[in-house]
Every structure is written in C-alpha cells, then in structure tokens.
Amino acid sequence: MVDLIAVLVAVIALVAALGLVGYLALLNSAARKRGASGNAVATYVRSRWPVAGITTAGAALAWLLTSGGGFLDVVAILIAAGSGAVAGKELSRTIERYRTE
C-alpha cells in the first residue's frame, strides 16, 4: 500500500515539476520573440530555471526510489512531496506574476 502511495505522490510531483518547466519554456519563447521588450521576462525565466531543474530532478529521483523497499518508499514520498510543493508554488507564483486579463 505504501508503494502505491509513493508512486502516486512521485508521479503527481513529476507532473507539477514538468508543468513548471513547460510554462517557463513558453514564457521564454514569448520573451525572445518580443526582442528587447521581453528582456525583463527572459531575465526572470533565467532565474527560475535552477528551481525548475532541481524540482524535476527531485521528483524523478523520488519516482526511482519507489522501486525500493518500504523505507525507500517513505523517503520517496518525502522527496516527492517537497519537490511537488515547491514546483506547484513556483508555477502558481509565475502564472500570477504574468497573468493578463
């Protein structure tokens, strides 16, 4: 049962982290198309890439750890929950910052 929970938490964390990576890539592409007027957005995106990379790596590591025993499942849940929470918070913060209505 713990294994199933660990896998689900790891997959959800990986989806959140990849969502952050995808959104940052989308913003970066739009900023580059704008040229000089997109420099502020491009600078912001460059500052967020390390967070996106670390959260994605953490979620992937957690998913790999789910193939271990019970102790590794608990470690995977902790790593995945942390990575997913940080990625989700950063994604929400970035979306809110550049939301246009």
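Since the structure is predicted, the reported quantities are computational estimates derived from the model, not experimental observations.
- Transitive grouping of hydrophobic side chains (ILVMFWY, heavy atoms separated by less than 4.5 Å) keeps Val2 and Ile79 in distinct clusters.
- Among all heavy-atom pairs drawn from Ala80 and Ala10, the shortest one is CB-CA, 3.7 Å.
- For the side chain to side chain donor-acceptor pair (under 3.5 Å) condition, no pair includes a residue of residues 25-40, sequence neighbours left out.
- For residues 85-96, the set of pairs meeting the side chain to side chain donor-acceptor pair (under 3.5 Å) definition, not counting sequence neighbours, comprises Tyr44-Thr94, Arg48-Glu90, Glu90-Arg93, Glu96-Arg99.
- The shortest heavy-atom contact between Ala31 and Gly38 is CB-O, 3.4 Å.
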Counting only pairs under 3.5 Å, give me each side-chain donor-acceptor contact of residues 52-75, with atom names and distances, residues two or more places apart or in other chains.
{"unit_1": "Thr55", "atom_1": "OG1", "unit_2": "Val51", "atom_2": "O", "d": "3.0"}
{"unit_1": "Thr55", "atom_1": "OG1", "unit_2": "Ala52", "atom_2": "O", "d": "3.0"}
{"unit_1": "Thr56", "atom_1": "OG1", "unit_2": "Ala52", "atom_2": "O", "d": "2.7"}
{"unit_1": "Thr66", "atom_1": "OG1", "unit_2": "Trp63", "atom_2": "O", "d": "2.5"}
{"unit_1": "Ser67", "atom_1": "OG", "unit_2": "Leu64", "atom_2": "O", "d": "2.9"}

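- Linking ILVMFWY residues whenever their side-chain heavy atoms come closer than 4.5 Å, directly or via other members, leaves Val7 and Ile5 in distinct clusters.
- Under the 4.5 Å side-chain heavy-atom criterion for grouping Ile, Leu, Val, Met, Phe, Trp and Tyr, Leu91 is not connected to Leu18 through any hydrophobic cluster.
- No path of Ile, Leu, Val, Met, Phe, Trp and Tyr side chains, each step under 4.5 Å between heavy atoms, connects Val86 with Leu78, placing them in separate hydrophobic clusters.
- With hydrophobic clusters built from ILVMFWY side chains whose heavy atoms lie under 4.5 angstrom apart, Leu14 does not share a cluster with Leu20.
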